[in-house]
Amino acid sequence: MPDARTPAATPEALFFAPAGLAPEAARRIVADALAGCDDGELFLEARRAEGLALDDGVVKTASYEQGIGFGLRAVAGEATGYAHAEGFDETLLKRAAHTVKAARGGHAGSLALPPPGTNRHLYGELNPVEDLDFSAKVGILKEIDAYARAKDPAVRQVMASLAASWQAVAVLRADGSLAFDVRPLVRVNVSVMMERGGRRETGSFGCGGREAYDRFVTPDAWKKAVDEAVRQAEVNLVSVDAPAGETTVVLGPGWPGILLHEAIGHGLEGDFNRKGTSAFAGRVGQRVAAKGVTVVDDGTIQDRRGSLTIDDEGTPSQRTVLIEDGILKGYMQDRMNARLMGTASTGNGRRESHAYAPMPRMTNTVMAAGDQDPGEILASVKSGLYAVNFGGGQVDITSGKFVFSASEAYLIENGRLGAPVKGAMLIGHGPDVLTRVAMVGNDLALDHGVGTCGKDGQGVPVGVGQPTLRIDGITVGGTRV
């Protein structure tokens with residue numbers, strides 16, 4: 001285990017020197033393990049993470065973790081051999097190499113070329129875990145609690161949390177190429193419960209990114225977070241039951257892009273399409289959305305939660321156009337699925353940690369802005385629903401069917417916002433929804449930096465974004481018919 005200080009951020013200082021193993025010796029072991037394979041790599045990870053959560057003025061949880069580990073992967077055709085371990089030394093690596101050789105069997109392939117290098121840096125090589133001392137973090141959480149309670153006497157409960165991580169990764173290939181990245185990540189969350197007239201409702205707000213804490217823990221920043229959480233709770237306190245039925249839905253900019261991420265984004269990942277289990281499989285070059293709909297996955301946006309200088313296979317991230325003006329252009333790819341589909345990796349090979357093999361995953365998935373004024377979009381709807389915040393949801397990748405709960409939504413009546421509603425569930429079919437987009441706003445916004453995507457038991461940080469959208473004919477499940 002590393003000591004409590006962050007060592008110099010180089011592969012040699014973090015991984016090889018502490019293990020008493022020269023990079024060239026590790027390369028020889030990796031090369032022998034991958035001989036006859038089509039692809040593979042040694043993935044090294046050093047990680048530190050800290051989290052503090054305050055509830056009712058008391059720090060209820062505080063966690064800290066640190067560690068080093070590795071994963072060795074051998075890919076032969078569609079078969080993958082994977083071995084991982086906590087710690088890193090020559091004995092562990094040789095044992096892993098012996099294990100992954102079983103994936104090769106009688107396969108006689110030739111190793112794919114390594115990814116291209118990059119000098120780009122999308123975030124600073126800093127350690128937010130060590131950015132503030134423990135007492136300062138506790139002090140910020142208590143200030144948040146006091147401010148929220150003083151803001152409105154209806155506030156009954158305040159929950160606030162700070163979370164930070166520092167991850168350094170190195171990807172070593174059999175040819176000796178070595179890619180390296182240091183990834184900071186922070187997140188601040190505030191949630192309040194308010195009670196008025198015997199009714200209780202909640203509101204929440206979070207923000208973060210691949211930065212230090214600086215921008216998120218100033219009094220101005222956390223007060224805005226509290227103000228937004230309280231505003232949402234106050235809206236919910238006066239909300240009425242949501243009507244049920246098919247209606248026109250206007251999605252607000254920013255975080256509502258999570259619906260795009262779940263209902264459409266996963267269906268555009270390479271593995272589902274290679275296996276033919278996605279509703280978008282085999283449809284490249286076809287119209288899959290209304291004109292004006294352009295969707296990109298962009299891992300190159302500076303300091304964003306979903307951004308990566310390199311992915312977890314060492315490929316530089318990129319801006320990938322998935323749908324352009326309604327036409328499907330391609331999929332998000334890792335190296336294995338790209339090779340099997342006869343295309344190139346798009347820098348979307350991601351893994352939660354060294355304990356997992358990579359797979360195609362989203363980074364920052366965004367619908368591009370259109371040219372219509374958001375006010376005009378709202379005014380065009382005689383009767384419908386305006387959804388600006390979402391909670392949980394589910395999607396079936398194979399069928400494309402989804403269900404999402406709107407945590408903040410309003411009735412639209414004669415082109416104007418009406419009463420806020422609660423209990424609204426959006427129900428639909430991802431590919432079908434794309435064809436029902438009638439108007440695209442000019443107000444593209446990204447989320448505030450809180451997204452985490454789950455797939456096959458792995459969670460990774462992601463971002464979403466979109467402009468205001470008008471979608472005709474979505475089924476709304478509500479509590480009022």
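No experiment lies behind these values; they were computed from the predicted model shown. Excluded from the calculations below are hydrogen atoms, water molecules and symmetry mates; all remaining heavy atoms, backbone and side chain alike, are included.
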Problem - Pairs satisfying ring-ring contact (aromatic ring centres under 6.0 Å, His included), at least one member in residues 426-469, at least two apart - result: F205-H448
Fill in the blank from the handout: Closest non-hydrogen contact found for G299 with S317 is O-OG, 3.1 Å
Completion exercise
Rounded to the nearest 0.5 angstrom, the CZ-CE distance for R350 and M359 is 11.0 Å
Exercise for the section: Please collect all ring-ring contact (aromatic ring centres under 6.0 Å, His included) contacts where either partner lies in residues 265-300, sequence neighbours excluded, each pair once. Expected result: H261-H266
Exercise for the section: Ignoring hydrogens and angles, state whether a donor on the side chain of E125 or Y123 is under 3.5 Å from an acceptor on the partner side chain. Expected result: no
Completion exercise
So CD of E408 and OG of S204: to nearest 0.5 Å the spacing works out to 10.0 Å
Problem - Check: T320/D297 side-chain N/O donor and acceptor closer than 3.5 Å - result: no
Fill in the blank from the handout: Heavy-atom nearest pair, L34 first then D39, reads CD2-O, 4.4 Å
Exercise for the section: Test R305 against every option in D447, T363, T452 by the side-chain hydrogen bond (donor to acceptor under 3.5 Å, both in side chains) rule and name the one that passes. Expected result: T452
Problem - Side chain to side chain, L426 and F390, heavy atoms closer than 4.5 Å - result: yes
Handout entry: Min side-chain heavy-atom separation F15-D89 under 4.5 Å
Key = no
Practice task
With sequence neighbours excluded, tell me which residues meet ring pair (Phe, Tyr, Trp, His ring centres under 6.0 Å) with W222.
Solution key: Y147
Practice task
Compute whether any side-chain donor of one residue and acceptor of the other, for N348 and R361, lie under 3.5 angstrom apart.
Solution key: no
